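Structure, as structure tokens:
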Protein chains: 2
Amino acid sequence: MEGSSRESGNALLFLTDEQLRKGIEAMFFAYRGFTADPDRILADLAYGRAHHRAVHFIHRSPGTTVNNLLAILGVTKQSLNRVLRALVEDGLVRNEVGKRDKRERHLYLTEAGEGLERRLSDAQRDRMRTAYRAAGPEAVTGFRQVLEAMMDDEMRKRYDALKELKG
Amino acid sequence: MEGSSRESGNALLFLTDEQLRKGIEAMFFAYRGFTADPDRILADLAYGRAHHRAVHFIHRSPGTTVNNLLAILGVTKQSLNRVLRALVEDGLVRNEVGKRDKRERHLYLTEAGEGLERRLSDAQRDRMRTAYRAAGPEAVTGFRQVLEAMMDDEMRKRYDALKELKG
DNA sequence: TTGGAATGTCAACAAAGCTGACGTATTATT
DNA sequence: AATAATACGTCAGCTTTGTTGACATTCCAA
């Protein structure tokens with residue numbers, strides 16, 4: 001049989017509105033679960049998701065600049081600045097003037113910052129791990145493939161750039 | 001080989017922190033893409049994501065009550081009320097006093113409301129369809145499995161309840 | 001040396017969440 | 001019949017996190 005029983009990735013699938021709607025709802029409800037555990041931790045600390053995201057990506061790319069973080073998070077510098085200021089004041093993030101370009105500020109987590117990052121990502125990874133194990137390795141591959149296909153090109157570049165850090 | 005090369009769903013997987021972090025980042029960036037298209041449409045209309053969610057779930061469960069919508073969206077009645085009031089004033093949502101229980105208000109989209117819902121979900125489904133086709137049918141199954149495993153139990157119940165509406 | 005880039009900061013505002021309090025029907029319970 | 005509970009709406013005030021716009025500073029590079 002030509003085309004065969006194992007459809008290739010770019011086969012023209014028949015996708016009903018219902019199937020697609022279910023996917024949309026799955027994203028909605030799953031994202032709630034995805035953020036639920038960190039949110040609980042953050043609530044006690046008077047921090048929000050914005051702080052979590054900043055801490056996450058600074059941990060991921062130590063020494064990243066404000067501008068780079070801005071682009072990854074997709075917010076204005078004013079919005080990010082408020083969050084960063086709080087984190088610096090609370091001693092979770094360290095600010096270092098660039099050596100090559102002294103206009104730039106390189107961002108690092110302090111030990112306390114790394115501690116918070118651990119707490120938050122432990123919680124989030126626990127849920128992710130449980131979900132991955134429940135679904136199985138093939139499902140995980142598919143999960144990642146669909147998510148990557150769902151990103152804007154610009155964001156996929158940034159996502160890939162992060163991936164290459166520790167491969 | 002016992003266990004075989006095709007690992008079962010509940011096999012104990014070796015999942016590195018890096019793999020899990022990539023999953024977390026994939027969720028973050030993909031969710032941005034997921035909401036990007038409707039967000040652009042909504043911006044022109046002075047509506048936000050909250051309005052989109054209300055419209056989506058009223059479309060999905062016509063005649064649903066305020067209380068039910070509250071539970072699905074996971075917000076307070078004050079927050080939802082603000083959104084609903086705007087939608088009713090703008091003639092997108094219709095409010096009907098319950099026949100069996102007159103305390104309840106059943107919610108329906110008007111024709112204009114259905115029109116907006118179409119516009120929004122067309123945009124969102126286009127992206128979902130493109131992603132599904134790019135990733136292939138097996139990936140789609142895995143995608144859904146992981147997302148469902150990631151939900152809180154409470155939310156999975158609501159998600160399943162929606163699924164059963166039109167199968 | 002001058003232009004532009006990167007950063008920080010001030011002010012004002014908006015969306016969308018929250019809590020708490022209160023009112024009004026309506027229904028359920030005792 | 002009286003009381004309690006439920007469903008909904010609304011007012012007031014607060015928080016987080018985003019937005020613009022304006023402006024100063026620092027510093028690289030042409």
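Source: prediction; values computed, not measured. Computed from heavy atoms alone, side chains included, the values below leave out hydrogens, waters and symmetry copies. Here is the naming used below: chain letters follow the sequence lines, and residue numbers restart at 1 for every chain.
The residues A:D122 and A:R127 are annotated as not salt-bridged, no charged nitrogen and carboxylate oxygen being separated by less than 4.0 angstrom. One finds no salt bridge joining B:D37 and B:R125 here, because no Lys/Arg side-chain nitrogen approaches an Asp/Glu carboxylate oxygen to under 4.0 Å.
Comparing C:dC18, C:dT7, D:dT10 by their closest approach to the side chain of B:K77 singles out D:dT10. Closest to the B:R53 side chain, of the nucleotides C:dG17, D:dC28, C:dT7, is C:dG17. In this structure, of D:dT17, C:dC18, C:dC10, it is C:dC10 that holds the atom nearest to the side chain of A:Q78. Which of D:dG18, C:dA6, C:dA16 sits closest to the side chain of B:R82 comes down to C:dA16. Considering only side-chain atoms of A:T65, the nucleotide from D:dT20, C:dT7, C:dG8 that sits closest is C:dT7. For A:N81, the listed nucleotide lying nearest its side chain is C:dT9; candidates were C:dT9, D:dC27, C:dA6. The nucleotide whose nearest atom lies closest to any side-chain atom of B:S79 is, among C:dT26, C:dG17, D:dT19, C:dG17.
Using cut-offs of 30° and 60° for the angle between ring planes, the A:F28 and B:F57 rings count as tilted. Between B:H52 and B:H56, the ring planes lie perpendicular to each other; the angle is over 60°, past the 30° to 60° tilted range.
Rounded to whole Å, atom C1' of C:dA16 lies 12 Å from atom CG of B:L80. Per the geometry, CG belonging to B:D101 stands 12 Å off P belonging to C:dT29, to the nearest Å. A straight line from CG of B:L70 to P of D:dT6 spans 15 Å, rounded to a whole angstrom.
B:H106 comes within contact range of no nucleotide atom at all, as no heavy-atom separation falls under 4.0 Å. Counting non-hydrogen atoms under 4.0 angstrom, B:D39 reaches nothing in the nucleic acid. Contacts of A:R49 with the nucleic acid, taken as non-hydrogen atoms under 4.0 Å apart, involve only primed sugar atoms and P, OP1 or OP2.
Remark on DNA chain D: of its neighbouring residues A:A46 and B:V66, the 5'-side contact belongs to B:V66, judged by nearest-heavy-atom nucleotide. Between B:N68 and A:Y47, the residue whose closest nucleotide on DNA chain D is further toward the 5' end is B:N68.
Side-chain N/O atoms of B:Y108 and B:N95 include no donor and acceptor closer than 3.5 Å.
A donor N or O paired with an acceptor N or O is found under 3.5 Å between the base of C:dA5 and the side-chain atoms of A:R103.
Using a 4.0 Å cut-off, some side-chain N or O of B:N67 falls inside it from OP1 or OP2 of D:dC8. The phosphate of D:dT16 has neither OP1 nor OP2 within less than 4.0 Å of any side-chain N or O from A:H51. Under 4.0 angstrom from either OP1 or OP2 of D:dG18 there lies no side-chain N or O belonging to A:T76.
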